[in-house]
Amino acid sequence: MKYSFIYFLILISSAFSQPEIPKLTMWATDLTGTLNQTELQDLNVRLKSFQDTTSNQLVVLLIPSLENYPIEMLAEETATKNKIGTKKNDNGILLLIAKDDRELRLEVGYGLEGAVPDAIASSIIRNVIRPRFKENNYYLGIGDGITAIIKAIGGEYKIEESDKNNGLPFIVLIIIIIVAFSLMKGGPFVPGGIYRTGTRSGGWTSGSSSWGGSSSWSGGGGFSGGGGSFGGGGASGSW
């Protein structure tokens with residue numbers, strides 16, 4: 001299980017509380033109010049069509065903030081709980097965007113790690129999605145990202161030579177995260193703002209209208225996970 005043991009060590013050492021993960025019912029869900037209904041409808045149509053023709057499940061989720069919770073962990077937990085991808089092929093991908101934190105993550109299921117390895121996921125974030133997000137064009141950034149991911153799955157996306165050795169090794173990133181958490185004030189780190197059973201501290205939740213978000217869909221039916229599994233493959237970035 002890729003990186004799962006490392007994540008377990010982080011959980012123990014940092015005394016995390018398990019957040020309540022949103023249940024996704026659409027291929028594209030916006031809890032920030034960034035995308036309008038036409039844009040959401042277009043994304044859902046594209047992603048549903050991609051699933052119908054390939055069985056691959058590509059899901060997009062926009063949230064306001066991580067509220068200090070690591071995006072790598074939230075992405076894997078969200079993808080796993082919602083069982084993105086099929087049980088047979090583990091062919092799911094989650095694009096998680098934390099708008100206020102200006103962070104994003106491509107979480108790749110086991111079955112697509114060969115087609116979308118970490119280097120390609122990182123290249124898509126840096127060279128395709130991030131430039132659009134810097135221009136505050138989130139709809140176009142997400143749309144271009146979807147196109148690039150689909151090309152990567154089909155073997156058509158090529159990374160630049162300069163991208164191949166770019167970025168810190170994953171284990172170095174993990175060490176940095178652990179050290180940063182150990183220096184946080186107030187004792188053991190607890191992800192503030194994330195919903196837990198019986199509590200609420202200003203965070204987000206799927207289906208809530210308090211953020212002005214929307215996940216409406218008029219195409220008939222909705223997203224339902226097929227039992228896919230994840231183990232930490234993918235890449236994170238910021239803009």
Side-chain angles (χ1 to χ4, degrees), residues 22 24 26-51 54 56-67 69-72 74-76 78-79 82 84-85 92-109 112 115-154 156-160 162-163 166-167 204 206 211-217 219 223 230 233-239:
L24 304 179
M26 298 295 134
W27 292 266
T29 301
D30 178 16
L31 302 179
T32 69
T34 301
L35 305 176
N36 61 43
Q37 292 298 319
T38 300
E39 292 169 341
L40 273 173
Q41 182 78 2
D42 175 66
L43 293 176
N44 274 296
V45 167
R46 287 188 64 189
L47 297 174
K48 181 180 185 300
S49 176
F50 179 59
Q51 176 182 319
T54 66
N56 298 314
Q57 290 187 328
L58 174 54
V59 176
V60 177
L61 172 62
L62 288 85
I63 61 173
S65 175
L66 298 163
E67 300 291 351
Y69 200 74
I71 193 169
E72 291 81 8
L74 183 58
E76 183 179 2
T78 300
N82 287 279
I84 301 173
I93 293 181
L94 170 66
L95 171 57
L96 175 63
I97 302 159
K99 184 180 178 182
D100 295 346
D101 299 317
R102 304 179 75 84
E103 292 187 40
L104 69 157
R105 169 84 180 168
L106 269 178
E107 191 70 24
V108 181
L112 290 177
V116 190
D118 296 357
I120 286 183
S122 179
S123 176
I124 291 173
I125 288 174
R126 288 182 286 104
N127 299 320
V128 179
I129 302 177
R130 183 168 66 180
R132 298 300 188 184
F133 281 14
K134 283 186 174 181
E135 300 169 350
N136 292 320
N137 197 332
Y138 295 97
Y139 170 66
L140 189 57
I142 293 170
D144 288 352
I146 290 172
T147 299
I149 293 167
I150 292 175
K151 285 184 176 180
I153 293 173
E156 300 175 6
Y157 182 87
K158 305 299 180 184
I159 64 174
E160 298 178 7
S162 60
D163 290 336
N166 195 21
W204 49 269
S206 180
W211 293 101
S214 174
S215 58
S216 63
W217 164 251
F223 168 79
F230 293 78
S236 305
S238 59
W239 71 93

Let's go through Phe50 and Ile153 carefully: what are the C-alpha distance in whole Å and the side-chain angles of both, what is the deciding distance for side chain to side chain contact (heavy atoms under 4.5 Å, CB included) to 0.1 Å, and is it a yes or a no? CA-CA 11 Å; Phe50 179 59; Ile153 293 173; 3.8 Å; yes

Could you tell me whether a side-chain N or O of [X] sits under 3.5 Å from a main-chain N or O of [Y], the two making a donor and an acceptor?
X	Y	answer
Asn137	Arg132	no
Glu39	Asn36	yes
Arg130	Ile125	no
Ser122	Asp118	no

Considering all heavy atoms of both residues, which atom of [X] and which atom of [Y] are nearest to each other, and what is their separation?
X	Y	value
Glu67	Asp101	N-OD2, 4.1 Å
Ser65	Asp100	CB-CB, 4.5 Å
Ser123	Tyr157	OG-OH, 2.8 Å
Ile71	Ser236	CG2-OG, 3.9 Å
Ile120	Ala152	CG2-CB, 3.9 Å
Ala75	Arg105	CB-CG, 3.5 Å

Is [Y] close to [X] at the side-chain level, that is, under 4.5 Å between some pair of heavy atoms?
X	Y	result
Phe133	Arg102	no
Ile93	Asn56	no
Ile63	Leu74	yes
Trp239	Ile129	no

Could you grab the distance from atom [atom1] of [X] to atom [atom2] of [Y], nearest 0.5 Å is fine?
X	Y	atom1	atom2	value
Ile97	Thr29	CD1	OG1	11.0 Å
Glu72	Leu66	CD	CG	9.0 Å
Gln51	Gln57	CD	CD	4.0 Å
Ile84	Trp27	CD1	CH2	12.0 Å
Lys99	Asn136	NZ	CG	7.5 Å

Non-neighbouring partners of Ile146 that pass side-chain contact (heavy atoms from CB on, under 4.5 Å), sequence neighbours left out: Leu43, Arg46, Leu47, Leu58, Val60, Ile142, Ile150

Applying side-chain contact (heavy atoms from CB on, under 4.5 Å), name anything that partners Ala121, two or more places apart in sequence or on another chain. Leu106, Val116, Ala235

Start with the C-alpha distance between Thr32 and Tyr138, add both sets of side-chain angles, then the distance that settles side chain to side chain donor-acceptor pair (under 3.5 Å), and finish with yes or no. CA-CA 11 Å; Thr32 69; Tyr138 295 97; over 6 Å; no

Partner of Leu94 by side-chain contact (heavy atoms from CB on, under 4.5 Å), out of Val108, Asn82, Leu61: Leu61

For a side chain to side chain donor-acceptor pair (under 3.5 Å) check, start with the C-alpha distance between Tyr139 and Asp42, then their side-chain angles and the critical distance, and finish with the verdict. CA-CA 10 Å; Tyr139 170 66; Asp42 175 66; 2.6 Å; yes

